[in-house]
Amino acid sequence: MIELAAVSKAYAGAVPRRLFERLSVSFEAGEYVAIVGASGIGKSTLLNLIAGLERADSGRIVVDGVDYTQCDDDALTALRRTRMGFVFQAFHILPWLSVAANVGLPLSLLGRDGPEAKRRIAEMLDAVGLGGRGASEPAELSGGELQRVAIARALVHRPRLVLADEPTGNLDPANARQVIELLRASIRREQATGIIATHSLAAARSADRALRLTATGFEPVASADAVAAAAGESIE
Ligand SMILES: Nc1ncnc2c1ncn2[C@@H]1O[C@H](COP(=O)(O)OP(=O)(O)OP(=O)(O)O)[C@@H](O)[C@H]1O
Ligand SMILES: [Mg+2]
């Protein structure tokens with residue numbers, strides 16, 4: 001479903017930074033994969049490349065049969081809106097919109113605002129344990145609740161691919177565990193593919209497989225202990 005072939009990416013800037021050199025990796029449809037690795041190694045950049053938010057310097061990225069080298073920015077935006085969902089570390093919940101409107105944002109962007117959209121929003125709020133909270137303002141919710149809103153929003157338009165960047169970064173261990181379990185269960189239920197970048201041991205363990213991103217490429221992470229070592233910081 002996702003294929004990166006010989007992808008290179010460097011950042012210019014005051015201190016130029018070479019992140020990937022001919023990086024190759026692929027992910028199957030329906031997989032739920034954790035990406036671990038040291039801070040600054042390029043996990044967020046990798047997710048941004050897969051999302052088409054950033055361009056590779058060279059190499060090929062093909063997602064769901066779409067070759068990014070053949071796409072202009074509008075095509076990538078359309079691809080993102082229809083087929084992808086995101087969960088960000090910092091929630092990115094819009095404070096001036098109600099909880100329900102936040103969850104429904106991907107549907108609005110697709111021009112879907114009718115009764116069916118309302119039903120779907122209610123269904124997603126129920127699924128994340130926030131049924132009846134749709135009219136609340138985000139300021140009235142806890143950190144864990146906001147992250148659940150973010151998960152509902154990432155899945156509301158039934159994306160084929162869900163990308164999550166440190167989805168438990170701001171949460172205490174108990175909330176983090178809940179959110180991880182919910183994210184995994186939601187992705188499964190929607191039969192989506194999930195890629196999650198994380199420092200959390202629990203999040204890495206919850207995945208079908210974990211990969212460690214290093215300066216030279218990906219390494220599989222085999223055992224739970226190796227996951228612990230690779231994740232570095234642990235929430236447990
Ligand atoms: N727009 C940019 N311009 C210049 N350098 C950048 C830019 N974005 C990221 N970098 C650099 O690229 C490197 C990788 O960043 P990235 O955010 O992908 O790391 P990460 O693995 O997600 O780290 P963390 O675990 O801390 O979130 C960092 O050294 C960062 O400073
Ligand atoms: Mg990051």
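Each ligand, and each atom within it, is numbered from 1 in the order the structure gives. It should be emphasised that the depicted structure is a prediction, and the values quoted were computed from it without experimental measurement.
Looking at G42 next to ligand 1, an N or O pair under 3.5 Å apart turns up. The shortest N or O to N or O distance between E166 and ligand 1 is not below 3.5 Å. Between G37 and ligand 1, no N or O atom pair is found at a separation short of 3.5 Å.
With hydrogens and angles ignored, the 3.5 Å screen pairs a side-chain donor or acceptor of D208 with a backbone N or O of Y32. No donor-acceptor distance shorter than 3.5 angstrom exists from the side chain of R60 to the backbone of T69, with no hydrogens or angles considered. No donor-acceptor distance shorter than 3.5 angstrom exists from the side chain of K43 to the backbone of V36, with no hydrogens or angles considered.
In this structure, atom 15 (O) of ligand 1 lies nearest to the protein heavy atom T45 OG1, 3.8 Å. Nearest to atom 30 (C) of ligand 1 among the protein's heavy atoms is R17 NE, 4.8 Å. Looking only at protein heavy atoms, the nearest one to atom 3 (N) of ligand 1 is Y11 CD2, 3.5 Å. For atom 23 (O) of ligand 1, the nearest non-hydrogen atom of the protein is G40 N, 2.8 Å.
Checking I61, L23, L19 one by one against L49, the side chain to side chain contact (heavy atoms under 4.5 Å, CB included) holds for a single residue, I61.
Note that the CD atom of E181 and the CZ atom of R184 stand 4.0 Å from one another [nearest 0.5 Å]. How far OG of S39 is from NE2 of H199: 5.0 Å, rounded to the nearest 0.5 Å. Interatomic distance, L97 CG to E137 CD, rounded to the nearest 0.5 Å: 10.5 Å.
Contacts between K43 and ligand 1 below 4.0 angstrom, taking non-hydrogen atoms only, involve backbone and side chain alike. Contacts between D165 and ligand 1 below 4.0 angstrom, taking non-hydrogen atoms only, are absent altogether. The backbone of A38, and not its side chain, has at least one atom closer than 4.0 Å to an atom of ligand 1 (non-hydrogen atoms only; backbone = N, CA, C, O).
Judged by the shortest distance from any of its heavy atoms, H199 lies inside the 4.0 Å radius around the atoms of ligand 1.
With ligand atoms numbered from 1 in the order given, ligand 1 contributes 23 (O), 24 (P), 25 (O), 26 (O) to contacts under 4.0 Å with heavy atoms of S39. Here is the list of ligand 1 atoms found below 4.0 Å of a heavy atom in S44: 17 (O), 18 (O), 20 (P), 22 (O), 27 (O). Ligand-side atoms of ligand 1 in range of L19: 12 (O), 13 (C), 14 (C), range being under 4.0 angstrom from any heavy atom.
Residue contact annotation: S39 places no N/O/S atom under 2.8 Å from the Mg ion (ligand 2).
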